[in-house]
Protein chains: 2
Amino acid sequence: MATGRTHRPATRSRGIPEATVARLPLYLRALTALSERSVPTVSSEELAAAAGVNSAKLRKDFSYLGSYGTRGVGYDVEYLVYQISRELGLTQDWPVVIVGIGNLGAALANYGGFASRGFRVAALIDADPAMAGKPVAGIPVQHSDDLEKIIQDNGVSIGVIATPAGAAQAVCERLVAAGVTSILNFAPTVLSVPEGVDVRKVDLSIELQILAFHEQRKAGEGAASDGGVPAAAARSESADQGPDGDMPAVMPA
Amino acid sequence: MATGRTHRPATRSRGIPEATVARLPLYLRALTALSERSVPTVSSEELAAAAGVNSAKLRKDFSYLGSYGTRGVGYDVEYLVYQISRELGLTQDWPVVIVGIGNLGAALANYGGFASRGFRVAALIDADPAMAGKPVAGIPVQHSDDLEKIIQDNGVSIGVIATPAGAAQAVCERLVAAGVTSILNFAPTVLSVPEGVDVRKVDLSIELQILAFHEQRKAGEGAASDGGVPAAAARSESADQGPDGDMPAVMPA
DNA sequence: CTATGTGAATTGCTTCACAGCC
DNA sequence: GGCTGTGAAGCAATTCACATAG
């Protein structure tokens, strides 16, 4: 609204659709790649292609942030990187703890993508005393007895749970009690959290099951062609652009 | 059940909404837990709570599959487990290959959730010759030179990419050329695939960025109340149930 | 009387198409 | 002339509320 001639976009920070928020990191990544190649400006068409969406959607998304483009020209890459980073809150540094340093926790600790975008692994926590002190990704693992102290000392508000399913709810409750208000959950369980706490879930097996569903369809319907090679073809239904399937999170209490 | 005067539910297998498909694995997990506890029947209300959705949504979702409940009673747990499994294609066995056996690939190979639901890790593939033959999760890693042969010999149609971003597109193309039609991508890149190939993406850093966005909001707006405890309140917009934010996949060519 | 199954209403997201500005 | 920004139209998903079956 406002179509503001006022300097400040006006729309800023109020009611950006969830679907748009979920795409901002995608745009940011594409823009960062352009920035590294020193590309100065980019059109909605080009950027959309790089991010894997269509250009109308991208322009609409950006319109929620403000008018950051130049008509007839496109978007200034650096400027847009900055604006999206700011909107996502990545201009500040977010200390994160990872709880559960098994295979997955270790993989997460080693994952470069965190550090590169405003996230800092402040601590690794595990319930196994044998792990304590052992460095993973250069960070010594701490025992979960000290969880609350670690959270508070580091001002952590984002926690990552990579424990077995059985331990996840208890860990979640301790994190929340200690002050964490956003949780990324890799354990295959539904977490109950009080209002005001956000949970996002990543579940490997769920993603595979969704693929299996579509895979089954292909075999049942389309195929028949012969048997060996899949033979793409047919079904424009699920095949084309991007039906946003997904389970978000943000659980009720 | 079956109220159907036609035997076949009629709605079967045609046009189940993506959003519903994405929730079926959630229901299935909750049902499996009930089944293990030998609970015979469950109401939409109870099951919805266990799956973290509301009951109206659950009933609507199930209505796309058919009429599998009993009015005044609820759903037969075992029967529903079977129906959903069948709908998702989990009554058959899906051989899967994991490409890129780094930290994450190894974690995936060790992840029990795969095997437990119709998925079988048929092969682990890595480009590093030093890895070849080394067993991970009891499965010997094979060199990527043999990728095509492995896919074909095992009849693999689902591939998991856990390589570095730079290698992902090339791996993807080889998988597709060899006959894979569904890909689960953990590399932080947009994959281009021909029509008819499904891609789902899991991106750790994107999930964190979405959390950071909401976290920033909490700090900026709501807070003020005191500082320590989050204080829930306000913002019914993002806080309550489950806005399905997410980036799907299924790229255009 | 209870809890499912589902049309109808609502809300939110995407796509279209073009006015506005460079 | 070209490309952004955005109302308006079109779709899809969610929620409501109640008829219907057990």
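Note that the coordinates shown come from a computational prediction; the quantities given were computed from them, not determined experimentally.
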Distances for protein N/O vs nucleotides 20-22 of chain C N/O pairs under 3.5 angstrom?
| residue | atom | partner | partner atom | Å |
| --- | --- | --- | --- | --- |
| C/dG20 | N3 | A/Arg71 | NH1 | 3.1 |
| C/dC22 | O4' | A/Arg71 | O | 3.2 |

Find every protein N or O atom lying less than 3.5 Å from an N or O atom of nucleotides 7-10 of chain C, and list the pairs.
| residue | atom | partner | partner atom | Å |
| --- | --- | --- | --- | --- |
| C/dG7 | N7 | B/Lys60 | NZ | 3.4 |

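Atoms OH (B/Tyr27) and P (C/dT4) sit 13 Å apart, rounded to a whole Å. Distance CZ (B/Arg59) to P (D/dC18): 14 Å, rounded to an integer number of Å. Spacing between atom OH of B/Tyr64 and atom C1' of D/dT14 amounts to 9 Å, rounded to whole angstrom units. Atom CG of B/Asn54 and atom P of D/dC16 are 7 Å apart (whole Å). A/Asp61 places its CG atom 12 Å from the P atom of D/dG5, with the value rounded to the nearest Å. Regarding A/Leu65, its CG atom lies at a distance of 10 Å from the P atom of D/dG5, rounded to whole Å.
Side-chain atoms of B/Arg23 lie closest to D/dT14 of the nucleotides D/dT14, C/dC18, C/dT6. With distances taken from any side-chain atom of B/Lys57 to the nucleotides C/dT14, D/dA17, D/dT14, the minimum falls on D/dT14. Of the listed nucleotides (C/dA3, D/dT14, D/dT6), D/dT6 has the atom at the smallest distance from the side chain of A/Ser63.
Residues in residues 23-62 of chain A take part in these ring pair (Phe, Tyr, Trp, His ring centres under 6.0 Å) pairs, two or more places apart or across chains: A/Tyr27-A/Phe62, A/Phe62-A/Tyr75.
Across all non-hydrogen atoms, the minimal contact from B/Ala168 to B/Ala187 is CB-CB, 3.6 Å.
Taken from OG1 in A/Thr91 to CD in B/Gln216, the straight-line distance is 6.5 Å, to the nearest 0.5 Å.
A/Tyr75 comes within 4.0 angstrom of the backbone, heavy atoms only, and of no base.
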| request: Go through A/Arg23 and A/Val53 one step at a time and tell me if the side chain to side chain contact (heavy atoms under 4.5 Å, CB included) criterion holds. | output: CA-CA 9 Å; A/Arg23 280 187 296 266; A/Val53 303; 3.9 Å; yes
